[in-house]
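To start, the structure itself, in structure tokens.
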Amino acid sequence: MPYRRLLASLGAGLLLLSSACNWESAGDSGAAPDADDPAGAAEELLADMDLEEKIGQLLVVVPQGTTAEENAGIIEEYQPGGFIYFPENLEDVEQITGMSNGLQEQAAGTGAGVPLFLGIDQEQGMVSRLPVGTRFPDAMAVGATRDTGMAESLAGVTAAELAAMGINLDYAPVADVNVNADNPVIGIRSFGSDPDLVTEMAMAEVEAFEEGGVVPVVKHFPGHGDTDVDSHTGLPRMETPRSEWEQVDLPPFESAVEADADAIMTAHVFLSELDDSGEPSTLSKNVIEGVLRDELGYEGVVTTDALNMEGVRQTHDDAEIAVRAIEAGADQLLMPPDAAETVGAVREAVDEGRISEDRLDASVRRILELKAKRGVLGGEPADAAAAQETVGGDEHLAAAQEVADASMTLLRNEGGVLPLAEGAAVFLAGAGAEEIGAELRELGYQVTDSAAAADVAVVGTEDARADSEQLDRVDAAGAAGTPVVVVAQGTPYDIGELPDVSGYLATYSSVDVSRTAAARALAGEVQPSGRLPVDIPGTDLEYGDGLEY
């Protein structure tokens with residue numbers, strides 16, 4: 001159901017769990033900060049912090065193991081401003097909630113007693129770190145619905161489940177405009193190729209996250225949608241003219257600034273029109289201070305993308321990278337490869353005057369103010385029993401299924417091969433064959449062992465454009481003359497390499513609800529009402545296309 005109705009059904013008290021909390025620490029006085037005066041609370045804390053405590057607030061590190069106790073030394077030594085969870089840290093609702101509570105308790109009793117940002121990459125779809133909870137389709141599926149209520153639903157449910165387990169920050173949404181079909185790292189993580197669509201969906205998610213008491217991090221400024229290099233493995237270099245960048249990549253971030261979004265993440269990309277130094281945007285003062293701060297007027301928290309990615313490690317050692325990121329205007333250093341080396345380098349830069357104390361204070365002030373604004377400075381432990389009731393609940397699953405159903409996009413239907421005739425024999429192969437086949441059986445269809453014995457062959461693909469094995473599987477399914485329908489569960493661009501298939505259904509995601517929706521759409525139980533959120537190169541298919549029964 002759309003987010004607004006879902007919020008009412010859940011109850012605002014549950015959804016706003018984290019922001020209603022009141023941790024006992026944050027400062028020597030032990031008094032809860034004034035939620036109505038985040039700036040005042042930040043100043044009060046900042047005034048009592050020493051250099052080491054200030055530097056610590058800039059760090060966001062990966063926790064060790066699956067317990068708070070395993071991280072006691074990290075908190076004691078570095079007093080980090082936050083942690084970012086990964087699957088290896090997470091087991092089940094009880095463990096995640098307990099770890100979150102334990103980390104906060106340790107932070108509250110150390111140094112300045114500043115509670116932590118506990119963050120995660122829970123974009124949904126392919127980038128989902130939680131082993132529990134509701135799985136929504138990827139952002140491109142949301143874009144295909146053309147309904148901002150679906151974006152609100154995704155972010156609202158995600159925020160409710162994160163907050164219930166004590167997680168107060170999500171590195172989402174992706175605000176990149178995916179205009180490059182060969183983009184190896186964004187793709188279906190983007191809402192689409194239209195700046196207006198991406199802006200509307202991203203801002204809907206930002207608002208829902210914030211209403212849910214979870215800090216959203218809008219990423220990746222100044223835009224990662226027109227790259228053909230993965231910044232995890234190298235530095236993408238773009239020669240996009242400034243005017244084109246302003247028309248395509250900028251609008252979602254400009255809207256984020258206008259909405260005073262909590263945080264924005266930088267991209268490890270080189271955009272020559274914004275800075276000709278050769279430095280990635282994460283290390284560019286021209287990009288962060290010049291464009292994001294001065295030109296656009298952004299006053300919120302700027303976080304780097306992960307500093308262990310190769311896109312930012314091409315020309316400097318890790319210690320120098322941390323210092324340069326701060327010099328460029330970043331506030332948070334996400335996942336520095338060596339915390340001790342990073343702290344030492346920043347401390348030395350401050351001692352030498354390379355980073356002024358005023359500059360350091362500006363970042364710490366922004367971080368503390370955001371913690372005060374979102375209730376992080378004052379919270380009670382998350383309730384594990386309440387979290388069990390919230391995480392992965394039936395209403396949440398129904399909301400995810402609604403998004404998936406609305407995203408189904410039919411791009412080819414030669415001879416009316418779809419919807420499948422009642423009781424037809426169907427052969428399944430490729431990505432999602434088991435899940436789609438199981439749902440078709442439930443709907444009364446026969447599933448055969450060979451394409452030759454079937455009325456229709458259904459082949460699932462995931463980004464098959466450059467994958468000969470997947471393309472050969474499609475060809476093999478049609479070799480006996482059986483009509484072939486492709487269910488594309490990655491980007492929809494595969495259709496350009498599949499001119500001979502009879503049917504083509506784009507789902508934009510391989511999560512369970514998308515495969516269930518695909519089967520229902522094949523059967524005609526779900527109307528394929530989605531519309532293409534991108535253009536398909538090499539075809540006549542354009543943004544907005546889509547067939548119906």
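Predicted model only: the values in this text are computed from it and were never measured.
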Stepwise side chain to side chain contact (heavy atoms under 4.5 Å, CB included) check, Val218 with Met265: CA-CA 6 Å; Val218 182; Met265 176 185 284; over 6 Å; no

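- Side-chain atoms of Glu70 come within 3.5 Å of backbone N or O of Thr66 as a donor-acceptor pair.
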Salt bridge (Lys or Arg N to Asp or Glu O under 4.0 Å) between Asp318 and Arg313, intermediate numbers included: CA-CA 7 Å; Asp318 292 332; Arg313 303 174 81 188; 2.8 Å; yes

Intermediate values then yes/no, side chain to side chain contact (heavy atoms under 4.5 Å, CB included), Leu130 and Ile120: CA-CA 8 Å; Leu130 287 173; Ile120 193 167; 3.7 Å; yes

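- Proximity of a side-chain donor or acceptor of Tyr298 to a complementary backbone N or O of Ala263 within less than 3.5 Å is detected.
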Test log, rule side chain to side chain donor-acceptor pair (under 3.5 Å), inputs Glu279 and Ser284: CA-CA 6 Å; Glu279 294 281 16; Ser284 170; over 6 Å; no

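- With Gln124 as the fixed residue, the side-chain hydrogen bond (donor to acceptor under 3.5 Å, both in side chains) test singles out one of Asp138, Thr158, Thr134: Thr158.
- Under the 3.5 Å distance criterion, with hydrogens and angles disregarded, a donor-acceptor pair is assigned to the side chains of Thr461 and Asp494.
- Scanning both residues, Ala518 and Thr507, for their nearest heavy atoms gives CB-CG2, 3.9 Å.
- Judged by distance alone, with hydrogens and angles left aside, the side-chain atoms of Asn89 form a donor-acceptor pair with the main-chain N or O of Phe86 at under 3.5 Å.
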Full working for salt bridge (Lys or Arg N to Asp or Glu O under 4.0 Å) between Arg135 and Glu161: CA-CA 11 Å; Arg135 289 287 299 277; Glu161 297 191 351; over 6 Å; no

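- A salt bridge (charged side-chain N to carboxylate O under 4.0 Å, His left out) with Asp262 is found for exactly one of Lys373, Arg366, Lys371, namely Lys373.
- Remark: Arg146 is positioned above the aromatic ring of Tyr543, its terminal NZ or CZ atom under 6.0 angstrom from the ring centre and at most 45 degrees off the axis.
- Of the possible donor and acceptor atoms, none in the side chain of Trp245 sits under 3.5 Å from a partner among the backbone N and O of Gly223.
- Glu254 places no side-chain N or O within 3.5 Å of a backbone atom of Leu250 that could act as its donor or acceptor partner.
- Not one N or O on the side chain of Gln489 forms a donor-acceptor pair closer than 3.5 Å with the backbone of Ser509.
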Ser100 and Tyr85: CA distance, side-chain angles, deciding distance, side chain to side chain donor-acceptor pair (under 3.5 Å) verdict: CA-CA 10 Å; Ser100 298; Tyr85 288 158; 2.9 Å; yes

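- Counting only distance, with no hydrogens or angles, the side chain of Thr227 and the backbone of Pro236 share no donor-acceptor pair below 3.5 Å.
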Test log, rule salt bridge (Lys or Arg N to Asp or Glu O under 4.0 Å), inputs Asp275 and Lys285: CA-CA 9 Å; Asp275 185 347; Lys285 190 169 185 177; over 6 Å; no

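- In terms of modelled atom types and a separation under 3.5 Å, the side chain of Lys219 and the main chain of Tyr171 share a donor-acceptor contact.
- Looking at Thr539 and Tyr493, their side chains never bring a donor and an acceptor atom within 3.5 Å of each other.
- With 3.5 Å as the limit, one finds no donor-acceptor pair spanning the side chains of Glu310 and His232.
- Closest heavy-atom contact between Pro195 and Pro252: O-CG, 4.2 Å.
- Here the side chain of Ser190 pairs no donor or acceptor atom with the backbone of Gly187 at under 3.5 angstrom.
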Glu435 and Arg515: CA distance, side-chain angles, deciding distance, salt bridge (Lys or Arg N to Asp or Glu O under 4.0 Å) verdict: CA-CA 6 Å; Glu435 295 88 345; Arg515 287 171 170 171; 3.4 Å; yes

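- Partner of Thr266 under the side-chain hydrogen bond (donor to acceptor under 3.5 Å, both in side chains) criterion, chosen from Thr282, Thr303, Asp305: Thr282.
- Taking 4.5 Å as the limit, every side-chain heavy atom of Val302 sits out of range of all side-chain heavy atoms of Gln332.
- For the pair Asn71 (side chain) and Ile74 (backbone), a donor-acceptor distance under 3.5 Å is absent.
- His224 and Asp176 share no side-chain donor-acceptor pair at under 3.5 Å.
- Side-chain contact of Arg359 with Ser363: a donor-acceptor pair under 3.5 Å is present, judged by distance alone.
- Taking both residues in full, the closest heavy atoms of Ser255 and Thr199 are given as OG-CG2, 3.1 Å, listed atom of the first, atom of the second, then distance.
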